[in-house]
Asks: 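Dropping a structure here in structure tokens format, bear with me for questions.
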Amino acid sequence: MTPVSERVLFSGDYHHLDGVTGSYRRHLRDLAADLATAYPRASVVEIGSNHGVLLTELAARGLDVLGVDPNGFGAAPVIREFFGAETARRLSPVDIVAAVNTLAYVGDPADFLSGVRAILREDGLFVSESHYLPDLLETLQYDFFYHEHPRYYSLTALEAAFAPHGLEVFRVERIPTRGGSLRVHAGFAGKYAVDSSVAALREFEKPLRLNEEAVYRKFAARVADHRDRLRGLLAEVTRDGSRVAAATSPARATTLLTYCGLGPADLEFVSEVNPRKIGRLSPGAHLPVVAQDRLCGPDQPEYALLLSWHIADELISLLRADGFRGRFIVPLPEPRVVDG
């Protein structure tokens, strides 16, 4: 199957805003603080800067910043185009290149990394965060397989991608964002002492057999079983006439709803806080996307299906504060009802 070109996906009115979620804003603020402490007065290019949350935090700490994003906007300066070797030729060398939740979306990683190499100073840092493949498999995150993501990364895969461009991973961190991600710090080979975290994660990945087909066949069987259990749970909670709506409309929800065959017969609507999504229909399922007030208002349903289940605790707290009185259905990794 041919993936959809990134120039189709990310040109025009792109709806994702990475600063809508409070926990993710805090995550970017903490990353900015770490980088500013370790590299004060550094120059930074962020690739895939979105609406500039990380860049704004870095600029507030005295760093010189520039974003590259075909849909980028915000207070920080941004070049509105796709990043690659051609774009890099027009940029000055910088101390830090950041790609936070970007590599999974790139259509041509070799061209992307050629561009990183071209603008990175000899002693520069490339910091990247990607959804971590072992976490995706362990917690059954099949909803993260969707059109924007042509690839999924382990440390082994990242090192293989970086090496032809002279980049060496010298430190890694497993972080909780998006249900489990990996932050890698890389520089030109031999420029940084390689931290013990790198060897430790290589050893962790070896027995996982991530290059063997049997691992993914087992994953597929677990996914099929999950679909049956989620549909069964929804049938059980609505048997007495109770109503269910969905809360939040992340891109990953399209896979979950479509694969599980969930639509208007199962869910009344999807609530959202992102103004770019409200008033539209969810892809495939064609559920109306409405303001969160409807979920939390006087005619609220008895259950809310949390489509951004990877931040369930945060969502439950926010929805309770906004007045939702019902119960919550957390679909993954195990379908369950919680009271919050």
Asks: Name all pairs fulfilling the salt bridge (Lys or Arg N to Asp or Glu O under 4.0 Å) condition that reach into residues 181-191, sequence neighbours left out, sorted by first residue then second.
Replies: E122-K191, E129-R183, E173-R183
Asks: Answer yes if V338 and L318 sit in the same cluster of Ile, Leu, Val, Met, Phe, Trp and Tyr residues linked by side chain heavy atoms under 4.5 Å apart, and no otherwise.
Replies: no
Asks: Using side-chain contact (heavy atoms from CB on, under 4.5 Å) as the criterion, list what pairs up with A285, not counting sequence neighbours.
Replies: L257, S282, L287
Asks: Is it possible for you to check whether R227 lies under 6.0 Å from the centre of the six-membered ring of Y259, through NZ or CZ, and within 45° of that ring's axis?
Replies: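 Ring-cation test returns yes.
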Asks: Could you state whether Y24 and I175 fall into the same hydrophobic cluster, counting links through intermediate Ile, Leu, Val, Met, Phe, Trp or Tyr residues with side-chain heavy atoms under 4.5 angstrom apart?
Replies: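 Unlinked, Y24 and I175 end up in two clusters.
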Asks: Considering only heavy atoms from C-beta outward, does the side chain of I329 approach that of L306 to under 4.5 Å?
Replies: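 Side chain of I329 against side chain of L306, heavy atoms only: no contact under 4.5 Å found.
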Asks: Okay, side chain of T248, backbone of S308: is any donor-acceptor separation there less than 3.5 Å?
Replies: yes
Asks: Please report the interatomic distance CG(D95) to CG(L120), rounded to the nearest 0.5 Å.
Replies: 8.5 Å
Asks: Side chains of L55 and S49, heavy atoms from C-beta outward: is any pair under 4.5 Å?
Replies: yes
Asks: Would the distance check show the side chain of R178 and the main-chain N or O of N101 forming a donor-acceptor pair, the cut-off being under 3.5 Å?
Replies: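 No, R178 side chain to N101 backbone: no donor-acceptor pair under 3.5 Å.
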Asks: Membership question, hydrophobic clusters at under 4.5 Å side-chain separation (ILVMFWY): are I278 and V270 in the same one?
Replies: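 Each belongs to a different hydrophobic cluster.
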Asks: Does any non-hydrogen side-chain atom of V198 lie less than 4.5 Å from one of R202?
Replies: yes
Asks: Got a sec, which residues hit side-chain contact (heavy atoms from CB on, under 4.5 Å) with A118, two or more places apart in sequence or on another chain?
Replies: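 Residues passing side-chain contact (heavy atoms from CB on, under 4.5 Å) with A118: A88.
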Asks: Could you state the interatomic distance from OG (S43) to CG (L91), rounded to the nearest 0.5 Å?
Replies: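 One gets 11.0 Å once the value is rounded to the nearest 0.5 Å.
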Asks: Taking the side chain from Y303 and the backbone from T238, do they hold a donor-acceptor pair closer than 3.5 Å?
Replies: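 Checking the backbone N and O of T238 against the side chain of Y303, no donor-acceptor pair under 3.5 Å is found.
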Asks: H149 vs F144 aromatic rings, parallel, tilted or perpendicular, using cut-offs 30° and 60°?
Replies: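 Correct class here is tilted.
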Asks: Assign the ring pair F112 / F83 to parallel, tilted or perpendicular, where the plane angle (0 to 90°) is split at 30° and 60°.
Replies: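 Because their plane-to-plane angle is over 60°, the rings of F112 and F83 count as perpendicular.
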Asks: So, T56 side chain and L54 main chain: donor-acceptor pair closer than 3.5 Å or not?
Replies: no
Asks: Using a strict 4.0 Å threshold on nitrogen-to-oxygen distance, state whether D266 and R243 make a salt bridge.
Replies: no
Asks: Keeping E205 on the side-chain end and S154 on the backbone end, is there a donor-acceptor pair under 3.5 Å?
Replies: no
Asks: Q141 side chain to G179 main-chain N or O, any donor-acceptor pair under 3.5 Å?
Replies: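 Indeed, once roles are kept as given, a pair shorter than 3.5 Å links the two residues.
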Asks: Kindly give the heavy-atom pair with the smallest separation between A193 and F170, and that separation in Å.
Replies: O-CB, 3.7 Å
Asks: State whether D195 and R171 are salt-bridged, where the test is any N-O pair (Lys NZ or Arg NE/NH1/NH2 against Asp/Glu carboxylate O) under 4.0 Å.
Replies: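 Looking at D195 and R171, the cut-off is not met.
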Asks: Please check if the side chain of R61 supplies one atom and the backbone of E57 the other of a donor-acceptor pair under 3.5 Å.
Replies: yes
Asks: Would you say the side chain of E46 lies within less than 4.5 Å of the side chain of L66, judging by non-hydrogen atoms?
Replies: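 They are not in contact (no side-chain heavy atoms under 4.5 Å apart), so the answer is no.
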Asks: Tell me whether H131 contacts the main-chain N or O of A104 through its side chain, where contact means a donor paired with an acceptor under 3.5 Å.
Replies: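 The answer is no, because no donor-acceptor pair under 3.5 Å joins these two groups.
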Asks: With a 4.0 Å cut-off on N to O distance, would you call E302 and R325 a salt bridge?
Replies: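 A salt bridge is absent here (no side-chain N lies under 4.0 Å from a carboxylate O).
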Asks: Can you name the closest pair of heavy atoms from P331 and H226 and give their distance?
Replies: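 For P331 versus H226, the nearest heavy atoms are O-NE2, 2.6 Å.
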Asks: Return the minimal non-hydrogen interatomic distance between L113 and A161, and the atom names on each side.
Replies: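 For L113 and A161, the tightest heavy-atom pair comes out as CD1-O, 3.5 Å.
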Asks: Might you work through the ring pair (Phe, Tyr, Trp, His ring centres under 6.0 Å) test for Y192 and F188, ending with a clear yes or no?
Replies: CA-CA 8 Å; Y192 289 88; F188 288 116; 9.7 Å; no
Asks: Between atom CG of L158 and atom CG of L167, what is the distance when rounded to the nearest 0.5 Å?
Replies: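 One finds 11.0 Å between CG of L158 and CG of L167.
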Asks: Could you walk me through whether V244 and L234 satisfy the side chain to side chain contact (heavy atoms under 4.5 Å, CB included) test, starting with their C-alpha distance in whole Å, then the side-chain angles of each, then the deciding distance to 0.1 Å, before giving a yes or no?
Replies: CA-CA 8 Å; V244 184; L234 288 170; 4.3 Å; yes
Asks: Output all residues satisfying side-chain contact (heavy atoms from CB on, under 4.5 Å) with A235, sequence neighbours left out; order by chain, then residue number.
Replies: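 side-chain contact (heavy atoms from CB on, under 4.5 Å) list for A235, sorted by chain: empty.
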Asks: If every non-hydrogen atom of F126 is compared with every non-hydrogen atom of A99, which pair is closest and at what distance?
Replies: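 That would be CE1-CB, 3.9 Å.
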Asks: State yes or no: do V53 and L63 share one hydrophobic cluster built from I, L, V, M, F, W and Y residues joined by side-chain heavy-atom distances below 4.5 Å, directly or via other members?
Replies: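 Linked, V53 and L63 end up in one cluster.
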Asks: Take S249 and E272 through the side-chain hydrogen bond (donor to acceptor under 3.5 Å, both in side chains) test and state the conclusion after the steps.
Replies: CA-CA 6 Å; S249 184; E272 253 296 340; 5.0 Å; no
Asks: Using side-chain heavy atoms (C-beta onward) and a distance below 4.5 Å, is F269 in contact with P301?
Replies: yes
Asks: Whether D30 and R26 form a salt bridge (side-chain N of Lys/Arg under 4.0 Å from carboxylate O of Asp/Glu) is what I want to check.
Replies: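 Between D30 and R26 there is no salt bridge, as every charged N stays at least 4.0 Å from the carboxylate O atoms.
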Asks: Distance from L208 atom CG to E138 atom CD, nearest 0.5 Å?
Replies: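 Nearest 0.5 Å value for the CG-CD distance: 9.0 Å.
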Asks: Start with the C-alpha gap between T177 and S181, add the side-chain angles, then the distance that decides, and say whether side-chain hydrogen bond (donor to acceptor under 3.5 Å, both in side chains) holds.
Replies: CA-CA 6 Å; T177 58; S181 296; 3.3 Å; yes
Asks: What residues, two or more places apart in sequence or in another chain, satisfy salt bridge (Lys or Arg N to Asp or Glu O under 4.0 Å) together with E86?
Replies: none
Asks: Can you name the closest pair of heavy atoms from A253 and L307 and give their distance?
Replies: CB-CD1, 3.6 Å
Asks: Can you find a heavy atom in the side chain of D64 that is under 4.5 Å from one in the side chain of V44?
Replies: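 Counting from C-beta outward, D64 and V44 never come under 4.5 Å.
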Asks: What distance separates F204 CZ from L155 CG, expressed to the nearest 0.5 Å?
Replies: 11.0 Å
Asks: Look only at the side chain of D69 and the backbone of N50, and say whether a donor-acceptor pair between them is shorter than 3.5 Å.
Replies: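 Judged by distance alone, yes, a pair lies under 3.5 Å.
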Asks: For R90, is there an ion pair with E81 - N to carboxylate O distance below 4.0 angstrom?
Replies: yes
Asks: Find out whether R80 and P70 are in side-chain contact, i.e. whether some heavy atom of one side chain is under 4.5 Å from a heavy atom of the other.
Replies: no
Asks: Under 4.5 Å between side-chain heavy atoms, hopping through other hydrophobics if needed: is there a path connecting L281 to L295?
Replies: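 L281 does not cluster with L295.
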Asks: Please identify each residue that fulfils side-chain contact (heavy atoms from CB on, under 4.5 Å) with D322, with sequence neighbours left out.
Replies: Q292, C296
Asks: Any side-chain heavy atom of L35 within less than 4.5 Å of one from L58?
Replies: yes
Asks: Given Y152, which partner from the list Y105, Y132, F145 fulfils the ring pair (Phe, Tyr, Trp, His ring centres under 6.0 Å) test?
Replies: F145
Asks: Looking at L256, is its backbone amide N or carbonyl O close enough to the side chain of D143 to form a donor-acceptor pair, meaning the two atoms are under 3.5 Å apart?
Replies: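 Checked: no pair found.
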Asks: Is it true that R174 and D135 make a salt bridge, defined as a side-chain N closer than 4.0 Å to a carboxylate O?
Replies: yes
Asks: Do K206 and E203 meet the salt-bridge criterion of a basic N to acidic O distance under 4.0 Å?
Replies: yes
Asks: Determine, using ring centers only, whether Y142 and F219 are less than 6.0 Å apart.
Replies: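 No; Y142 has its ring centre 6.0 Å or more from that of F219.
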Asks: Roughly how far, to the nearest 0.5 Å, is OG of S114 from CD1 of I119?
Replies: 12.0 Å
Asks: Determine the minimum heavy-atom distance between T139 and P333, stating which atoms define it.
Replies: O-CB, 3.3 Å
